[in-house]
*Asks:* 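One structure, pasted below without further comment.
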There are 2 protein chains.
Amino acid sequence: MPEPIISTVDIVLLIIKDDRLCVTLSKRDKEPYVNQEALPGGYIHAQDDRDCLDAAVRILQQKTGLLPPYLEQLKTFAGAARDPRGWSISVVHFALVDADLILSATNPGLTIWPVDALRRLPFDHNEIIATAVERIRNKSQYSSLPCYLAGETFSLPRLQKIYEACLGETLNKVSFRRKMDELGVLETVAGQTESAGAHRPAQLYRLKSEFKNQLKLLVRGL
Amino acid sequence: MPEPIISTVDIVLLIIKDDRLCVTLSKRDKEPYVNQEALPGGYIHAQDDRDCLDAAVRILQQKTGLLPPYLEQLKTFAGAARDPRGWSISVVHFALVDADLILSATNPGLTIWPVDALRRLPFDHNEIIATAVERIRNKSQYSSLPCYLAGETFSLPRLQKIYEACLGETLNKVSFRRKMDELGVLETVAGQTESAGAHRPAQLYRLKSEFKNQLKLLVRGL
DNA sequence: TTTGTTAGTTGCAACTTGAAACTAACTGGG
DNA sequence: CCCAGTTAGTTTCAAGTTGCAACTAACAAA
């Protein structure tokens with residue numbers, strides 16, 4: 001028989017800070033775990049559509065003021081052990097955003113932590129973040145996903161650092177550039193370069209507009 | 001403010017029949033769409049744990065009598081348009097099983113349809129099945145996933161047909177065998193061969209026991 | 001024993017990859 | 001003004017991977 005259930009949405013908001021993959025946490029304003037830092041989340045409303053993507057956008061807007069350039073459903077977590085109040089269900093999403101957008105926005109109570117040096121968090125949020133990181137790692141191997149962590153324009157050396165932070169390993173410069181060329185999601189920003197010191201400046205790139213909201217995959221397969 | 005919600009689980013049960021990827025539907029015993037064929041589904045109970053995997057196992061058992069060798073959460077579908085009764089949420093799973101298990105089980109009211117020639121189904125079930133097929137296709141490119149469609153023992157030519165049905169394209173025989181070797185999830189069944197006519201019989205293989213419940217990935221990456 | 005059919009292997013040319021060594025473009029100090 | 005230091009970007013090439021064609025292997029049936 002059906003039992004009515006309180007359903008929530010949580011969001012793993014990921015950014016790159018100091019060349020490391022980081023998660024953004026917000027201070028809880030309600031019990032349980034009030035004032036502790038946890039994944040931003042909230043209740044699902046009956047008007048939320050698009051498989052809870054609407055709810056995720058609304059909650060992210062509320063808690064961070066951001067409209068992320070990339071948002072994807074991650075997995076639904078449910079069970080009796082995850083919340084001290086009893087059985088619960090949460091449709092978890094992950095969002096990618098340029099770190100500068102967070103730092104420049106007015107974000108009281110938001111904090112940023114490297115995903116590989118996280119302390120014990122409330123609920124099953126450590127497990128959720130681990131799942132999100134696994135997904136990012138996986139997709140970073142063969143898609144343009146990490147581009148959404150890079151902001152409007154960026155150099156290839158910077159993008160390579162971002163890929164490396166996502167994958168947790170260093171990449172070959174030549175191979176990386178070949179693959180990016182093959183993916184075909186980038187275009188040069190005419191005449192623009194990134195000068196940052198006493199050395200050759202780097203060419204700036206941006207995502208082609210047709211890929212602004214769509215991942216490009218590059219699968220080698222069997 | 002929280003609103004209590006009726007939550008369900010639906011299951012996309014996939015098999016290979018006549019070298020084609022097929023979905024198993026069951027006749028609905030309740031309104032709406034009573035007596036129409038749709039994905040097997042049911043309500044989530046408060047004792048269901050493991051992120052609704054328990055619910056999926058229970059419902060699959062009820063509707064098909066099967067305990068599938070592979071079961072994975074696919075995606076959560078939610079919104080106002082998917083059910084005539086109003087806003088609803090469903091945590092959808094997909095299961096892979098050897099076709100023989102379905103045909104041999106006593107399964108009143110179960111029917112099997114090729115995923116690429118499906119008529120209009122109730123709710124958003126066409127969209128759900130399309131999402132499942134996309135996921136299978138994706139994972140078949142670089143993992144041992146299709147092995148779960150093959151039963152206990154199988155020949156490499158048969159497994160190749162299964163991969164081809166999942167991917168929707170033919171594969172090179174030598175490359176396929178090299179990749180399977182590289183994946184390392186198979187072992188020969190000593191002395192056993194599959195004879196099926198006037199020709200050389202094929203060596204039989206099975207999944208190594210350590211991979212019975214775990215996908216092996218083979219990613220070439222950037 | 002020959003023929004047809006499917007299983008499984010070998011050889012090879014074309015392509016992909018990764019490391020090292022190269023050239024390019026800038027700043028700042030002598 | 002030029003040289004050293006630093007990072008950007010390209011070239012070269014050897015090693016590895018892939019996909020096709022042609023091969024050999026094992027069976028049944030005629």
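Here is how names work: the chains are called A, B, and so on, in the same order as the sequence lines, proteins then strands, and each is numbered from 1.
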*Asks:* Supply the atom-to-atom distance B:Q73 CD to B:D51 CG, rounded to the nearest 0.5 angstrom.
*Replies:*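 Here the rounded value is 6.5 Å.
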*Asks:* Do any side-chain nitrogens or oxygens of B:R177 fall under 4.0 Å of OP1 or OP2 in C:dG8?
*Replies:*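 B:R177 to C:dG8 OP1/OP2: side-chain N or O found under 4.0 Å.
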*Asks:* Between D:dG9 atom C1' and A:L186 atom CG, what is the distance in whole Å?
*Replies:*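 Answer to the nearest Å: 15 Å.
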*Asks:* What is the separation between atom CG on A:D181 and atom C1' on D:dT11, rounded to the nearest whole Å?
*Replies:*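 So the CG-C1' distance, A:D181 to D:dT11, works out to 15 Å.
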*Asks:* Under a 3.5 Å distance rule, please check whether B:T153 uses its side chain to pair with a backbone N or O of B:L204 as donor and acceptor.
*Replies:*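 No, the answer is negative, given that no donor and acceptor are paired below the 3.5 Å cut-off.
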*Asks:* Heavy-atom nearest nucleotide on DNA chain D for B:G197 versus A:L156: which residue maps closer to 5'?
*Replies:*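 Mapping each residue to its closest nucleotide by heavy atoms, the 5'-most match is A:L156.
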*Asks:* Is the phosphate of D:dG19, meaning OP1 or OP2, less than 4.0 Å from a side-chain N or O of B:S175?
*Replies:*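 Yes, because at least one side-chain N or O of B:S175 sits under 4.0 Å from OP1 or OP2 of D:dG19.
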*Asks:* C:dT6, D:dA8, C:dA19: which one has an atom nearest the side-chain heavy atoms of B:R200?
*Replies:*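 In terms of side-chain proximity for B:R200, the closest of C:dT6, D:dA8, C:dA19 is C:dT6.
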*Asks:* Measure the distance from CD on A:Q203 to P on C:dA25 and round it to the nearest whole Å.
*Replies:*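 To the nearest whole Å, that distance equals 13 Å.
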*Asks:* Taking the nucleotide of DNA chain C with the nearest heavy atom to each, does B:H199 or B:L204 sit closer to the 5' end?
*Replies:*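 By nearest-heavy-atom nucleotide position, the 5'-most residue is B:H199.
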*Asks:* Starting from P on D:dT18, measure out to CE on B:M180 and report it in whole angstrom.
*Replies:*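 Atom-to-atom, B:M180 to D:dT18, this comes out as 13 Å.
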*Asks:* How many Å lie between CZ on A:R178 and P on D:dG16, as a whole number?
*Replies:*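 Taking CZ of A:R178 and P of D:dG16, I get 16 Å after rounding.
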*Asks:* Just do the side-chain contact (heavy atoms from CB on, under 4.5 Å) check on A:E152 and A:L101 with the steps written out, would you?
*Replies:* CA-CA 11 Å; A:E152 266 302 302; A:L101 292 180; over 6 Å; no
*Asks:* In whole Å, I'd like the distance from the CZ atom of A:F154 to the P atom of D:dG9.
*Replies:*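 Rounded to the whole Å, the gap is 13 Å.
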*Asks:* A:K173 side chain N/O closer than 4.0 Å to the phosphate oxygens (OP1, OP2) of D:dT7?
*Replies:*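 False: A:K173 side-chain N/O out of range (4.0 Å or more) of D:dT7 OP1/OP2.
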*Asks:* For A:W113, does the six-membered ring have the charged nitrogen or CZ of A:R20 within the cation-pi criterion, i.e. under 6.0 angstrom from the centroid and within 45° of the normal?
*Replies:*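 No.
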*Asks:* To the nearest angstrom, how far is A:R158 atom CZ from D:dT7 atom P?
*Replies:*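 Taking CZ of A:R158 and P of D:dT7, I get 16 Å after rounding.
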*Asks:* What do you reckon, is NZ of B:K75 surrounded by more than 12 foreign heavy atoms closer than 6.0 Å?
*Replies:*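 Enclosed: over 12 neighbouring heavy atoms sit under 6.0 Å from NZ of B:K75.
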*Asks:* Round to a whole Å and report the spacing from CG of B:N172 to P of C:dC12.
*Replies:*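 So the two atoms are 18 Å apart, to the nearest Å.
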*Asks:* If you fit an axis to the five pairs at each end of the helix from C:dT1-D:dA30 to C:dG30-D:dC1, how big is the angle between those two axes, to 10 degrees?
*Replies:*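 Comparing the first five pairs with the last five, the axes sit 20° apart.
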*Asks:* Say you draw a straight line from CD1 of A:I102 to CG of A:L110; how long is it, rounded to the nearest 0.5 Å?
*Replies:*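 Taking CD1 in A:I102 and CG in A:L110, the distance rounds to 6.5 Å.
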*Asks:* Do A:Y205 and A:F154 have their ring centres less than 6.0 Å from each other?
*Replies:*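 No - the distance between ring centres of A:Y205 and A:F154 does not fall below the 6.0 Å cut-off.
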*Asks:* On DNA chain D, does the nearest nucleotide to A:P201 precede the nearest nucleotide to A:V174 from the 5' side, or the other way round? Give the residue.
*Replies:*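 Whichever sits nearer the 5' end wins; that is A:P201.
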*Asks:* Which of these nucleotides, D:dG9, C:dT27, C:dA19, is closest to any side-chain atom of A:A202?
*Replies:*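 Of D:dG9, C:dT27, C:dA19, D:dG9 is nearest to the side chain of A:A202.
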